[in-house]
Protein chains: 2
Amino acid sequence: MQPKHPANSEAPSRALTDYPRPSVAVDTALLTVADRALSVVLVQSGDRPALPGTFLHEGETLRDAVLRSLRVKCGISGLEPRQLRVFDAPGRDTRGWVLSVAHLDVVPARDLTLDASLAHPTAVGSARTLPLMYDHAEIIELAVDALRAEYADRPDPRPLLPEPFTLRELQTLHEAIAGERLPRDAFRRRMEPLLTDTGELSRGTRGKPARLFRRTPDPRR
Amino acid sequence: MQPKHPANSEAPSRALTDYPRPSVAVDTALLTVADRALSVVLVQSGDRPALPGTFLHEGETLRDAVLRSLRVKCGISGLEPRQLRVFDAPGRDTRGWVLSVAHLDVVPARDLTLDASLAHPTAVGSARTLPLMYDHAEIIELAVDALRAEYADRPDPRPLLPEPFTLRELQTLHEAIAGERLPRDAFRRRMEPLLTDTGELSRGTRGKPARLFRRTPDPRR
DNA sequence: GGAATAGTGTCTATTAGACAGTATAGA
DNA sequence: TCTATACTGTCTAATAGACACTATTCC
């Protein structure tokens with residue numbers, strides 16, 4: 001919908017602000033991999049755990065609102081939020097007419113320095129058993145599926161691993177995200193052509209030193 | 001974001017309506033297959049072609065707003081809109097602070113009875129050369145990609161074909177959506193197990209009569 | 001019978017998974 | 001030397017595409 005009539009069924013001369021407008025919020029499933037487990041950062045909202053979120057301010061993009069909420073509630077910045085979908089069920093928020101734009105974002109566990117009394121990562125398996133606010137359980141499921149799709153055929157698009165890394169470290173990351181073991185041979189064959197070999201080897205490890213790789217600057221990112 | 005504080009950084013006691021709120025619109029890429037070409041329905045908005053859209057009314061879901069706009073502008077109903085994403089660039093609408101939730105919907109060409117002076121289907125290839133409103137060109141690209149993904153591994157999820165249909169009719173549909181020829185053998189092998197054979201044959205056609213199929217009630221829809 | 005379309009069987013190149021063997025470090 | 005890990009090569013089953021052959025209708 002654009003210029004001309006604000007809505008076909010109504011008088012075109014009325015100003016935009018004459019019509020009722022919803023409040024618009026953003027809620028973010030902030031995912032991380034901690035201790036080989038895919039986890040989501042939860043904050044406390046009233047009596048229940050919830051995803052971090054905030055209301056959209058005037059003149060602000062959704063992306064900026066997400067970054068602001070994560071900065072304020074989790075003390076992190078420099079991320080790359082991705083829209084999932086809008087939740088719009090009429091009665092979903094008891095305070096009134098509120099739309100929520102669900103987002104996914106990802107942060108390396110080492111960058112997470114949370115005030116543990118406010119926010120803490122929870123393994124997504126455990127999160128499923130918690131009494132989360134409203135549609136937040138569904139948002140987490142959407143976020144996990146979206147992250148799995150992003151990692152399905154790319155080494156580390158977000159990126160989560162510090163460079164350089166070995167193929168085993170990359171596979172361990174993928175297994176945490178996928179929630180299952182992956183075949184070693186097929187994983188090598190798919191990922192190695194997508195990485196840049198540094199020529200260096202890991203040192204101080206148990207067996208044969210592993211080759212160290214970097215992410216290849218990727219057209220698809 | 002939910003109950004408790006409207007936004008962490010502001011006084012929790014103020015009412016939702018004390019904060020500025022955006023107008024929320026829906027815009028829909030209504031796709032169809034006409035004359036073996038994937039097409040999008042365009043309406044005239046001021047001096048340019050545009051996608052049909054409207055503003056969201058109070059107490060209305062996004063889905064209902066999409067259905068209302070398509071009923072009013074294109075005279076069709078009974079569809080299944082799917083959210084693509086929210087467009088929120090601050091200056092995208094000259095009338096003020098307007099978010100638009102882009103949608104995809106699909107309609108069989110035979111159900112399209114448009115007032116040609118108001119709305120008409122345009123092949124997506126041609127639509128790319130038109131000076132569309134705002135972000136509507138991008139919405140069409142998103143919609144086409146989404147539709148291709150829906151049809152990539154399913155016979156006719158939307159559904160577009162009248163039953164019963166032959167494998168060739170199904171393949172012609174898929175080729176229109178994919179925008180390219182598909183290999184006959186591989187197409188058969190993938191699709192036939194996903195269809196229900198009616199046991200009937202086509203009649204009055206040129207060569208050997210073809211078997212007629214129906215869609216199999218599908219767990220994935 | 002000829003043309004056109006539907007349907008079937010076979011060959012091959014590619015791929016994923018399984019598995020075994022070799023290489024190289026620390027203990 | 002032993003063990004753990006990294007790396008490489010080969011085999012096999014599944015799959016997609018190519019292609020050829022047969023089947024059945026209308027003209």
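Just so it is clear: chains get the letters A, B, ... in the order the sequence lines come, proteins before strands, and each one is counted from 1.
Note: CZ (A:Arg206) to P (D:dA4) measures 6 Å, nearest angstrom. For A:Lys208 and C:dA27, the NZ to C1' distance is 19 Å, given to the nearest whole Å. Taking atom CG on A:Asp197 and atom C1' on D:dC7, their separation rounds to 12 Å, with Å as the unit. Protein atom CZ of A:Arg181 is 12 Å distant from nucleotide atom P of C:dA18, rounded to whole Å. If you measure from atom CG of A:Leu201 to atom C1' of D:dA6, you get 10 Å, rounded to the nearest angstrom. Nucleotide C:dG7 holds its P atom 16 Å from the CE atom of B:Met191, rounded to whole Å. In this entry the distance linking CZ of A:Phe187 with P of D:dC7 reads 13 Å, nearest Å. The distance between atom CZ of B:Phe213 and atom P of C:dA6, rounded to the nearest whole Å, is 11 Å.
Residue B:Ser202 is classed as having no contact, given no heavy-atom separation below 4.0 Å to the nucleic acid.
The residue among A:Ala186 and B:Gly207 whose nearest nucleotide of DNA chain C lies closer to the 5′ end is B:Gly207. Checking B:Ala210 against A:Arg190, the closest nucleotide of DNA chain C that is more toward the 5' end is the one next to B:Ala210.
Salt bridge B:Asp105/B:Arg158: present, at least one basic N to carboxylate O contact under 4.0 Å. Under 4.0 Å is where a charged nitrogen must lie from a carboxylate oxygen, and between A:Asp135 and A:Arg85 no such pair does.
A donor-acceptor contact shorter than 3.5 Å is absent between the side chain of A:Gln171 and the backbone of A:Phe187.
Judged as a salt bridge (Lys or Arg N to Asp or Glu O under 4.0 Å), and not counting sequence neighbours, the contacts of B:Glu60 are B:Arg68. Partners of B:Asp156 by salt bridge (Lys or Arg N to Asp or Glu O under 4.0 Å), not counting sequence neighbours, listed by chain and number: B:Arg215.
Note that the CG atom of A:Leu147 and the CG atom of A:Leu31 stand 5.5 Å from one another [nearest 0.5 Å]. Once rounded to the nearest 0.5 Å, the distance linking CG of B:Leu170 with OH of B:Tyr151 reads 8.5 Å.
Nearest to the side chain of A:Pro183, among D:dA6, C:dT5, C:dA18, sits C:dA18. Out of D:dT25, D:dA4, D:dC7, the shortest distance to the side chain of B:Pro209 is found at D:dT25.
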Can I get a per-line list of side-chain donor-acceptor pairs under 3.5 Å for residues 121-131 of chain B, giving both atom names and the distance, sequence neighbours left out?
from	atom 1	to	atom 2	distance (Å)
B:Arg128	NH1	B:Glu141	OE1	2.9
B:Arg128	NH1	B:Glu141	OE2	2.8
B:Thr129	OG1	B:Ser126	O	2.7

- Query: How does protein contact run along nucleotides 8-14 of chain C, one letter per nucleotide 5' to 3', with B for base contact, S for sugar-phosphate only, - for none, heavy atoms under 4.0 Å?
  - Reply: BBB----

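Here salt bridge (Lys or Arg N to Asp or Glu O under 4.0 Å) pairs that include residues 201-211 of chain A, with residues two or more places apart or in two chains, are A:Glu192-A:Arg211, A:Asp197-A:Arg211.
DNA chain D is contacted by no residue of residues 165-177 of chain B, taking any non-hydrogen atom closer than 4.0 Å.
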